[in-house]
Amino acid sequence: MTHKPTLSLDAFAGAKLKGLEAANRRRELTSAARGPAMALTAGGRDMISFTDNDYLGLSTHPAVVDAAIEATKRYGAGSGASRLVTGNHPLYAELEAKIAAFKGMEAAIVFGSGYLANSGIIPALVGKSDLILADELIHTSIHAGLKLSGATVRFFRHNDVAHAAEIIAAERGQFDRALMVVDGVYSMDGDIAPLKALGELCADHDTWLMSDDAHGLGTIGGGRGAVAAMGAEGLVPLQMGTLSKAIGGYGGYLAASRVVIDLMKTRARSLVYTTGLPPGTVAAAVKALELIETNADMVARPVMLARHFAEALGLPAPETPIVPLVIGAEADAMAASAALAEAGYKVTAFRPPTVPEGTSRLRFCFSASHRDEDVTGLIAAVRALGLSALGKAAE
Ligand SMILES: *Cc1c(COP(=O)(O)O)cnc(C)c1O
């Protein structure tokens with residue numbers, strides 16, 4: 001052997017990291033211990049987290065945790081195999097029936113995660129001779145599905161129905177099948193897709209509309225998500241989402257017609273060739289959905305807190321629990337995040353490629369489990385940053 005096997009490999013990784021560091025784009029994993037009510041201990045510091053997607057605090061809800069423990073004791077810590085083999089423990093049927101009913105769809109299928117759902121659903125529906133239209137700001141996990149499908153992809157400007165219509169008019173006829181993919185709620189901006197107008201456009205042009213409701217379920221539309229919030233029932237035949245945000249656990253899902261769900265069981269590779277979720281995870285999601293269905297005040301609280309925060313700082317009124325504060329340069333966003341950590345608040349700075357160039361930002365996520373005084377303290381800490389991005393009300 002003339003080379004140590006890892007010599008060029010380590011050299012590659014080292015050089016790559018150096019470049020990322022120079023651009024302020026190196027990322028690090030920090031050990032983060034979460035507790036109830038958004039308490040977080042990270043980097044030796046106790047903070048209140050305003051960066052979690054646990055919009056209802058259900059990840060630490062005693063009833064949800066108990067459900068996970070009971071199911072783990074009864075069925076084991078793992079599922080043992082793919083769902084198509086022996087990993088399909090009885091709790092799955094209960095969860096899928098619940099999701100379908102809550103979403104007002106015929107059926108649902110649960111995947112290992114939202115990322116796996118997006119990677120599997122899209123290639124199971126469209127391929128080389130087909131067209132995909134996608135909003136330019138769709139979540140990264142959807143891009144994985146687009147690539148794997150091999151379909152021709154056209155992006156339309158964010159939430160721009162007229163632009164989408166232009167592309168459909170020009171290109172739909174040249175392809176066999178067509179799929180449009182959007183986020184229900186955009187995670188970096190907190191705005192909602194115009195699902196009604198997009199749904200009508202798609203219906204007129206035999207194009208299947210798929211929405212990713214990762215941030216909508218449990219937070220808007222009375223908890224039912226973006227389709228309900230936008231009055232687009234019946235117009236979105238493919239409703240994907242995740243169990244890892246407001247549901248507080250882990251897993252992804254698709255709610256659709258019975259026949260589409262049956263197709264996924266045979267054709268979605270990220271369902272067939274991966275192990276089923278642990279039983280405790282599925283049981284936790286069943287319990288979390290029950291709590292969402294029966295607790296309207298809890299569901300309404302995150303958006304209420306987000307509105308209060310935005311109003312106090314002169315920011316535009318949010319429609320969801322997500323409030324972005326665009327700062328611009330990577331280093332400035334990171335400095336603002338560090339200053340908030342110093343004050344006891346965890347607010348992550350998001351940088352490219354997660355967000356477009358020059359729009360590095362703080363993103364605040366509000367949860368039903370935040371106390372009023374947490375939000376009051378956060379408002380003061382953000383004011384103290386003295387950012388020019390803040391509106392007049394901040395003065
Ligand atoms: C978080 C997220 C996903 C991925 O879901 P996971 O269950 O975390 O893999 C997919 N789409 C959107 C819009 C998301 O925000």
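Note that this is a predicted model, so its numbers are computed, not measured. First listed ligand is number 1; within each ligand, the first listed atom is number 1. One-based numbering along the sequence shown.
- Residues Arg27 and Thr354 have side chains that bring a donor and an acceptor to within less than 3.5 angstrom of each other.
- What sits closest to atom 2 (C) of ligand 1 on the protein, heavy atoms only, is Lys245 NZ, 2.4 Å.
- Those atoms of ligand 1 that come under 4.0 Å of a heavy atom in Thr242, given as number and element, are 5 (O), 6 (P), 7 (O).
- Below 4.0 Å from some heavy atom of His215 lie the following atoms of ligand 1, by number and element: 14 (C), 15 (O).
- Contact of the Asp206 side chain with the Arg172 side chain is registered, since non-hydrogen atoms from C-beta on lie closer than 4.5 Å.
- Set against the non-hydrogen atoms of Ala214, the atoms of ligand 1 under 4.0 Å away are 2 (C), 11 (N), 12 (C), 13 (C), 14 (C), 15 (O).
- The shortest contact between atom 10 (C) of ligand 1 and any protein heavy atom is with Ser141 OG, 3.2 Å.
- For the residue pair Ser141/His139, the side-chain donor-acceptor check at 3.5 Å is satisfied.
- Side chains of Arg34 and Ser49: a donor-acceptor N/O pair is absent below 3.5 angstrom, by distance only.
- In this structure, the separation between CZ on Arg45 and NZ on Lys346 is 10.0 Å, given to the nearest 0.5 Å.
- Residue Ser244 approaches ligand 1 through these ligand atoms, each under 4.0 Å from one of its heavy atoms: 6 (P), 7 (O), 8 (O).
- For the residues Ser113, Gly251, Gly252, Gly114, the heavy atom positioned nearest atom 5 (O) of ligand 1 is part of Gly114.
- Of all the atoms in ligand 1, the ones that sit under 4.0 Å from a non-hydrogen atom of Tyr115 are 4 (C), 5 (O), 6 (P), 9 (O).
- Closest non-hydrogen pair, Gly190 versus Ile322, comes out as CA-CB, 3.7 Å.
- Every atom of ligand 1 with a heavy atom of Asp212 under 4.0 Å away is listed here by number and element: 10 (C), 11 (N), 12 (C), 13 (C).
- The protein atom (non-hydrogen) at minimum distance from atom 3 (C) of ligand 1 is His139 CE1, 3.4 Å.
- Looking only at atom types and distance, the side chain of His158 has no donor-acceptor partner in the side chain of Asp189 under 3.5 Å away.
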